[in-house]
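Input: a single structure, listed below in structure tokens.
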Protein chains: 2
Amino acid sequence: MLKRSDRKSGHVTLSDVARACQLSVSTVSIVLSQAPLSLRLAQATRERIHATARRLGYHPDAYARSLRNRSTRTIGVLAYDMSDPFCVPVVRGIEQDLQLIDYFSLLVDAQTERKLFDSSLRMILERRAEGVIVIASWIFEEANLLADIKKNRVPIVIVGRDLTERRIPSFLVDNQAGGAMAINHLLALDHRHIAVIRGPDDLFDSQPRWAGIQQAATQAGVPLDPRLVVSLPNRVDPTSGFDGGLQLARQMISSAPGFTAVLAFDDLTALGVVRGLKEEGLRVPEDCSVIGFDDILPAAVCTPGLTTIRQPLHDMGSLATQHLLHLLQQPNREYPSALKPHMLAPELVVRSSSAPPHVKQRARSAPTPRNSPTRSARWATPTQR
Amino acid sequence: MLKRSDRKSGHVTLSDVARACQLSVSTVSIVLSQAPLSLRLAQATRERIHATARRLGYHPDAYARSLRNRSTRTIGVLAYDMSDPFCVPVVRGIEQDLQLIDYFSLLVDAQTERKLFDSSLRMILERRAEGVIVIASWIFEEANLLADIKKNRVPIVIVGRDLTERRIPSFLVDNQAGGAMAINHLLALDHRHIAVIRGPDDLFDSQPRWAGIQQAATQAGVPLDPRLVVSLPNRVDPTSGFDGGLQLARQMISSAPGFTAVLAFDDLTALGVVRGLKEEGLRVPEDCSVIGFDDILPAAVCTPGLTTIRQPLHDMGSLATQHLLHLLQQPNREYPSALKPHMLAPELVVRSSSAPPHVKQRARSAPTPRNSPTRSARWATPTQR
DNA sequence: TTACACTATTCAAACGTTTCAAGTCCAGAA
DNA sequence: TTCTGGACTTGAAACGTTTGAATAGTGTAA
């Protein structure tokens with residue numbers, strides 16, 4: 001048995017194994033890395049090496065190996081905030097794809113902090129990721145490290161906003177279509193007095209989503225009442241949408257009552273609205289319908305279940321990954337000149353927070369059909385592809 | 001300007017910078033790594049090197065650097081499932097502590113898959129993490145890679161369950177105290193017919209939590225009605241607790257009605273129960289109180305807000321990290337013989353899903369006091385330490 | 001002139017791998 | 001005995017860094 005003091009670092013290395021086997025480092029390496037040459041080695045030797053490696057608890061040093069092989073099999077994933085439920089399924093989509101080809105995802109959480117964003121990108125560069133996926137509905141203007149990424153010829157893609165004007169392949173939901181979908185759902189239920197809570201100015205999604213809403217409303221011949229349109233303040237953290245929705249609901253009830261539905265910018269805002277309405281004694285959906293956007297976990301598990309527009313988050317992650325891997329194949333990596341954003345179709349998920357207006361019901365006995373397929377489809381099978 | 005074809009790999013290296021500066025690699029290294037020797041260099045040279053490095057977009061190769069320095073400044077974090085809202089604050093607690101001392105957290109998500117657990121641990125070992133933090137309320141018996149971790153003398157700590165009998169420092173909530181807290185809250189509200197949903201057998205938390213509940217009930221002279229005690233089935237994914245709670249609520253209403261409160265194993269189960277009760281026309285909390293455990297995001301943003309027992313998840317992550325860093329300091333790393341688990345105190349968070357029984361109210365006008373400090377304290381300021 | 005002390009820079013070895021080219025050994029053929 | 005060739009094994013260089021020791025150059029004092 002090898003004495004611990006023989007080793008210089010704490011880890012078991014190839015030469016530890018070699019010494020224990022009385023063989024050279026080369027031989028051991030050839031066997032343990034399954035190199036073609038290992039077929040020429042005596043069966044007995046191979047077995048002896050494997051056994052010794054197992055006994056000592058040898059694991060190859062990924063650093064040394066990557067250095068030598070000049071490949072890290074690593075993709076950097078920069079999430080703007082992992083405590084935003086939005087990020088989680090995207091990351092899952094990415095990781096599941098990478099696993100299949102034995103790539104490793106280096107996940108870094110920028111925690112919605114501007115300066116962490118830069119240092120995270122630096123980490124990713126220093127760890128020699130072969131490509132980068134940025135998840136950022138948040139703004140991150142002039143992150144100058146992006147230039148360094150290009151200088152080092154590391155391909156990059158972005159999920160959650162459109163940065164094609166900077167020549168970065170972008171994967172996002174079709175916000176405009178989603179906005180239209182949301183308002184059309186309410187219109188189809190016969191709502192005519194719809195309050196809309198627009199997103200904050202510093203979020204990319206806000207503008208196109210609002211455009212979709214407005215356009216669909218106009219097209220349907222039911223223009224929106226300007227007194228019923230309000231905006232969320234710029235947010236300080238991913239969950240501040242809840243408080244925003246809560247405040248705005250209180251405000252609107254007193255300043256401009258009479259609406260029968262609220263179209264909220266996202267799910268957390270919608271949940272804040274629900275809380276605000278209930279506080280004022282209004283029932284959802286009997287007295288007022290509420291619709292959100294995103295379809296994060298809380299939307300599925302609250303009661304009444306929140307009707308919402310689902311973003312195909314898992315697919316967004318997966319498609320971005322596929323595209324990045326494709327870019328990695330290109331021998332001569334060129335940043336393309338003209339680029340169209342990849343817009344994924346949103347999906348209306350009808351739960352129990354929306355209903356026709358003015359339906360005077362008593363406590364509904366079964367608002368959700370049992371085993372409704374849309375009840376919590378995504379969350380019931382998080383391993384789906 | 002350096003021609004791209006001069007470089008062998010895609011990345012800019014020290015020798016690229018050196019060539020561009022007409023200096024040796026050593027000189028450039030000394031300057032860029034702020035080595036003490038750099039003070040002896042001409043000011044002009046230093047500036048020239050820095051400028052060139054910036055121009056070329058040079059970033060040091062963490063792999064080569066770690067290899068040479070024999071230190072990776074990396075802590076492996078193995079989360080059993082990042083889509084469980086339980087993990088997110090723990091990870092945040094870890095990362096914030098590591099950032100302060102410029103350590104990097106290598107986050108790996110085992111996605112509740114047994115075989116991923118092993119391969120994740122292997123990844124962490126191969127990437128030469130200097131320590132490992134495992135987040136696992138889930139069982140992971142005889143993960144034999146744990147032995148390899150010890151052979152390589154990598155310190156390890158665990159969050160979310162007690163593995164002190166295997167000599168692994170453990171950080172978890174005091175489940176027994178938490179269980180007692182939950183039932184005492186309901187008893188204090190005067191509930192005498194309390195249904196209890198126990199956790200699944202394969203979760204570590206289930207047993208001690210149940211022990212705390214039972215003991216407190218007995219102590220209060222209100223023994224539990226065995227017909228009102230049920231168990232969740234073993235879970236397939238982190239969100240299956242919701243469906244479990246939903247099913248069990250339906251079941252109990254028909255088989256053993258008459259309870260005025262439900263104490264659920266965790267928040268998702270509690271939310272499932274709320275859904276089930278509402279479906280049957282029961283109001284929460286007027287007709288039946290519900291209390292959960294964990295205090296994850298959905299508990300705070302649903303309406304009525306869920307009364308629950310908060311686990312100090314952020315602190316659990318933080319304390320585990322501090323302890324691990326402490327272990328790293330020990331020159332001669334010994335796995336201690338006897339170990340006590342670090343039990344963190346849970347905290348009762350009263351929201352609106354619990355109330356005295358049989359209070360026949362109409363739709364309550366303001367169940368939540370505005371700006372109640374406990375309303376969503378954690379989630380309103382996720383950056384708190 | 002030689003020795004000395006600076007300053008400014010470079011050499012070379014090492015970290016743990018992988019891999020090609022080159023070794024050693026031994027049996028059997030010439 | 002020497003040669004051939006196959007079976008098995010190893011030496012050495014390289015990946016991009018860091019760093020202690022060494023070097024070249026330049027002026028100053030003995």
Side-chain angles (χ1 to χ4, degrees), chain A residues 6-49 53 56-74 125-128 130 152, chain B residues 6-49 53 56-74 125-128 130 152:
Chain A
D6 290 355
R7 298 190 216 134
K8 289 170 193 158
S9 88
H11 280 98
V12 182
T13 73
L14 266 190
S15 74
D16 290 326
V17 180
R19 212 172 324 138
C21 289
Q22 314 257 54
L23 285 169
S24 78
V25 171
S26 318
T27 311
V28 177
S29 166
I30 286 165
V31 171
L32 292 180
S33 65
Q34 320 262 32
L37 270 180
S38 71
L39 295 174
R40 300 230 177 120
L41 278 170
Q43 177 72 17
T45 313
R46 271 186 277 168
E47 278 166 12
R48 186 156 52 100
I49 291 173
L56 298 182
Y58 169 78
H59 290 267
D61 183 323
Y63 284 69
R65 185 182 277 205
S66 293
L67 190 58
R68 162 72 212 209
N69 289 343
R70 288 154 145 175
S71 104
T72 55
R73 297 193 80 74
T74 296
L125 261 179
E126 291 182 355
R127 306 224 159 206
R128 295 299 187 251
E130 295 173 8
N152 285 278
Chain B
D6 290 355
R7 299 189 215 136
K8 289 169 192 158
S9 89
H11 281 98
V12 182
T13 74
L14 266 189
S15 74
D16 290 326
V17 180
R19 210 172 327 136
C21 290
Q22 313 259 54
L23 285 169
S24 78
V25 170
S26 320
T27 311
V28 176
S29 167
I30 285 164
V31 171
L32 291 181
S33 63
Q34 320 262 32
L37 271 180
S38 71
L39 295 174
R40 300 230 177 120
L41 279 169
Q43 175 73 14
T45 312
R46 272 186 277 168
E47 278 167 11
R48 184 156 53 100
I49 291 173
L56 297 182
Y58 169 78
H59 291 267
D61 183 323
Y63 284 69
R65 188 186 280 221
S66 294
L67 191 57
R68 162 72 214 210
N69 290 343
R70 285 144 146 196
S71 105
T72 55
R73 297 193 81 76
T74 295
L125 217 41
E126 291 182 355
R127 306 223 159 206
R128 295 298 187 253
E130 296 172 7
N152 285 279

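Since this is a predicted model, take the numbers as computed values, not measurements. Order of the sequence lines fixes the chain letters, A, B, ..., with proteins taken first and strands second; residue numbering starts at 1 for each chain.
Listed nucleotides: dC15(C), dT9(D), dT10(C). Nearest to the side chain of S24(B): dT10(C). Looking at the side chain of L23(A), the nearest of the listed nucleotides dC8(D), dT17(C), dT10(D) is dT10(D). Considering only side-chain atoms of R128(A), the nucleotide from dT10(C), dG16(C), dT17(D) that sits closest is dT17(D).
Checking the phosphate oxygens (OP1, OP2) of dT18(C), a side-chain nitrogen or oxygen of R65(A) falls inside 4.0 Å. Remark: R68(B) is not in phosphate contact with dG20(D), judged by side-chain N or O atoms under 4.0 Å from OP1 or OP2. Of the side-chain N and O atoms in T45(A), one or more sit less than 4.0 angstrom from OP1 or OP2 of dT9(D). Residue S29(A) has a polar side-chain atom (N or O) positioned under 4.0 Å from OP1 or OP2 of dT18(C). Neither OP1 nor OP2 of dT9(D) sits under 4.0 Å from any side-chain N or O of T27(A). A close approach under 4.0 Å does not occur between any side-chain nitrogen or oxygen of Y63(A) and OP1 or OP2 of dT18(C).
As a whole-Å value, the separation of N69(B) CG from dG20(D) C1' is 14 Å. Here dT19(C) presents its C1' atom at 13 Å from CZ of R70(A), a figure rounded to the nearest Å. The nearest whole Å value for the distance from the CZ atom in R48(A) to the C1' atom in dC8(D) is 12 Å. The separation between R127(A) atom CZ and dT17(D) atom P is 14 Å, rounded to whole Å. As rounded to whole Å, 10 Å separates atom P of dT17(D) from atom CD of E126(A). Per the geometry, CZ belonging to R19(A) stands 17 Å off C1' belonging to dT10(D), to the nearest Å. Per the geometry, CD1 belonging to I30(B) stands 14 Å off P belonging to dT17(D), to the nearest Å. Per the geometry, CG belonging to L39(A) stands 14 Å off P belonging to dT19(C), to the nearest Å.
In terms of modelled atom types and a separation under 3.5 Å, the side chain of S66(A) and the main chain of A62(A) share a donor-acceptor contact. Of the possible donor and acceptor atoms, one in the side chain of E130(A) sits under 3.5 Å from a partner among the backbone N and O of T72(A). The backbone N or O of R128(B) lies less than 3.5 Å from no partner atom in the side chain of D61(A), so there is not a single donor-acceptor pair. Judged by distance alone, the side chain of S29(A) and the main-chain N or O of V25(A) form no donor-acceptor pair under 3.5 Å.
In the interface, the side chain of T13(B) is not paired with the base of dG16(D) through any donor and acceptor atom under 3.5 Å apart.
Heavy atoms of S33(B) sit under 4.0 angstrom from primed sugar atoms or phosphate atoms, though from no base atom.
L39(B) has its side chain within reach of R46(B): a pair of non-hydrogen atoms, C-beta onward, lies under 4.5 Å apart.
Map L37(B) and L14(A) each onto its nearest nucleotide of DNA chain C; the residue landing nearer the 5' end is L37(B).
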